[in-house]
Number of protein chains: 2
Amino acid sequence: MINAPRLVDEPSSVVRRLSSLASLDAAAHDLLDAAAADAYLLRPRQEMLSEGRAVDTPLILLDGWAARVRVLVDGRRQIVSLLLPGDVIGVSELPDPVSTSTIIALTAVRVCSAPPCGASPALDLAYAVSRAHDEAYLLAQVTRLGRMNAQERIMDLLLELYERLGLAGLVRDRGFDVPLTQETMSDALGLTPVHVNRMLQAARKAEELTWTGKRITLANPVRSASELGRVPLRVRADIAKTAAA
Amino acid sequence: MINAPRLVDEPSSVVRRLSSLASLDAAAHDLLDAAAADAYLLRPRQEMLSEGRAVDTPLILLDGWAARVRVLVDGRRQIVSLLLPGDVIGVSELPDPVSTSTIIALTAVRVCSAPPCGASPALDLAYAVSRAHDEAYLLAQVTRLGRMNAQERIMDLLLELYERLGLAGLVRDRGFDVPLTQETMSDALGLTPVHVNRMLQAARKAEELTWTGKRITLANPVRSASELGRVPLRVRADIAKTAAA
DNA sequence: CGTGACATTGATCTCGCTCAAGCTTGGTGG
DNA sequence: CCACCAAGCTTGAGCGAGATCAATGTCACG
């Protein structure tokens with residue numbers, strides 16, 4: 001569709017996402033552009049990182065979706081978290097880190113290695129905020145699986161995707177592309193595919209969402225969010241505010 | 001230096017835990033001793049950190065147990081993770097961090113503020129490893145809640161406690177003190193207290209564990225672990241090995 | 001015009017929840 | 001020293017959300 005990515009007119013998901021986490025200066029932009037120039041493609045189902053294997057280089061997910069997966073001995077599979085365009089993977093302040101989970105591409109995926117820490121203070125901050133977000137999403141995943149019923153899990157996850165894709169500039173008109181099968185969703189939600197299907201139908205009948213092709217549109221994200229008690233994610237004190245006081 | 005708490009004879013849980021994560025030099029020990037000198041006590045149920053509130057200072061849990069908790073609008077409660085003696089709380093590389101979860105003391109608790117990052121390289125490494133562990137335990141919690149049944153969840157959590165308390169030197173003879181009520185466990189496991197009770201009875205009948213008073217003893221941790229497919233946690237490449245090669 | 005991946009539907013089962021009641025125990029005050 | 005009481009543990013009966021098993025439908029693609 002889009003061939004030459006003209007960063008000025010149409011900023012990439014990474015740039016949009018990281019900019020919304022921390023303001024990026026020109027140096028940071030240059031580093032990201034340079035990194036993105038060495039992007040490469042992965043096929044769906046391809047492993048990007050293997051549990052127990054050393055992490056050679058942190059990655060940036062430029063395009064496509066991936067998932068952190070844990071598999072039990074008998075084959076049960078749990079998607080620990082979803083990785084969306086613009087997400088940063090495996091940046092760690094730990095030397096010689098070893099991956100604690102397997103990461104597989106859910107779709108065709110375009111990645112590049114992330115500019116290393118220390119090269120740009122603005123970028124380092126963005127990484128730190130990004131990691132704080134990741135952790136918050138993990139906490140959300142825990143409470144989803146531990147204390148929500150099937151309907152709530154589905155809507156809560158979709159709202160999280162809505163929020164996260166929004167940061168990357170991938171939401172338009174309360175709608176966004178979700179290249180997931182119902183089976184993949186069930187692995188993320190700790191449910192069976194059959195039950196996910198039925199609950200989705202119920203949600204459609206209740207006119208909470210539409211899901212045609214690969215695009216989901218939420219009828220009323222604000223209302224749904226407040227019903228679930230979701231609050232906007234905040235990981236840093238607002239310095240502007242506190243400085244002004 | 002070594003008067004009241006005789007670190008040589010009986011190292012504290014923090015020192016034992018952090019030492020097993022990264023070898024601490026004399027400077028790191030001194031920093032920890034100094035920090036521990038300013039310890040203070042908290043009562044059970046007291047909030048140590050509130051969701052959405054700024055984190056003033058990272059803490060070290062010297063004694064007692066705490067929990068990161070998420071509460072839904074209608075009161076459902078999920079314990080996201082358990083915090084054990086020796087655990088480090090809220091160390092973040094992010095400036096002006098805001099807590100993404102509430103932390104409450106489960107027992108009487110003794111804490112002190114953690115020596116800041118940058119003061120000791122050895123300590124910084126220990127912090128980094130500690131944080132990597134925390135993340136791994138979160139992943140484990142997600143797969144527990146998402147894909148394990150009640151029996152498996154209970155044993156898996158107990159094995160994690162066994163492993164973690166072992167690092168802090170708090171396991172003796174396959175037994176360890178667990179100051180949890182069954183209700184608290186149920187909040188960590190995403191189950192009801194009634195069901196936790198029944199599954200515990202089943203586990204006792206199957207002679208997998210004993211739980212008398214506050215002390216749990218696992219009959220055969222190694223066998224239980226292999227049945228669940230648990231593998232020892234590893235977050236760093238073994239430098240000794242790679243360096244030797 | 002197969003063929004394979006995914007969505008949908010139905011029937012049945014079961015694990016874990018709910019509600020409700022006893023039971024045990026340790027602490028507290030009279 | 002005992003009576004009492006609140007927490008927590010145990011037990012029972014019944015129910016229901018979600019799992020399981022097994023087809024069938026649909027659609028894109030070679």
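Lettering follows sequence order; numbering is per chain, from 1.
Summarising the local packing, CZ of B:R204 is surrounded by more than 12 heavy atoms from other residues, nucleotides or ligands at distances under 6.0 Å.
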Exercise for the section: Please test A:T143 against B:R70 for side chain to side chain donor-acceptor pair (under 3.5 Å), starting from the C-alpha separation and ending with a verdict. Expected result: CA-CA 7 Å; A:T143 73; B:R70 279 269 177 117; 4.8 Å; no
Exercise for the section: List the steps, then state whether salt bridge (Lys or Arg N to Asp or Glu O under 4.0 Å) holds for A:D187 with A:R76. Expected result: CA-CA 9 Å; A:D187 280 334; A:R76 280 173 286 179; over 6 Å; no
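Geometrically, B:R164 engages B:Y137 in a cation-pi contact, judged by NZ or CZ lying under 6.0 Å from the ring centre and within 45° of the ring axis.
Place A:R198 and A:W211 on DNA chain C by their nearest nucleotides, and A:W211 ends up nearer the 5' end.
Interface residues of residues 141-162 of chain A facing DNA chain C, ordered by number: none; criterion, heavy-atom separation under 4.0 Å.
A:T192 comes within 4.0 angstrom of a nucleotide base, judged by non-hydrogen atoms across all strands. Among the atoms of the strands shown, none is found under 4.0 Å from any heavy atom of A:R45.
Between B:M185 atom CE and D:dT10 atom P the separation is 13 Å, expressed in whole Å. If you measure from atom NE2 of B:H195 to atom C1' of D:dT10, you get 15 Å, rounded to the nearest angstrom. Straight-line distance from the CG atom of A:N197 to the P atom of D:dA19: 13 Å, rounded to whole Å.
One finds no salt bridge joining A:E135 and A:R131 here, because no Lys/Arg side-chain nitrogen approaches an Asp/Glu carboxylate oxygen to under 4.0 Å. Of the charged side-chain nitrogens involved, at least one lies within less than 4.0 Å of a carboxylate oxygen, so that B:E163 and B:R230 count as a salt-bridged pair. A salt bridge does not link A:E152 to A:R144: none of the charged nitrogens lies less than 4.0 Å from a carboxylate oxygen.
Of all nucleotides in DNA chain C, those with any atom nearer than 4.0 Å to a heavy atom of chain A start and finish, going 5' to 3', at C:dC6 to C:dA11.
The side chain to side chain donor-acceptor pair (under 3.5 Å) with A:R215 is formed by just one residue from the set A:D173, A:T210, A:D177; it is A:D177.
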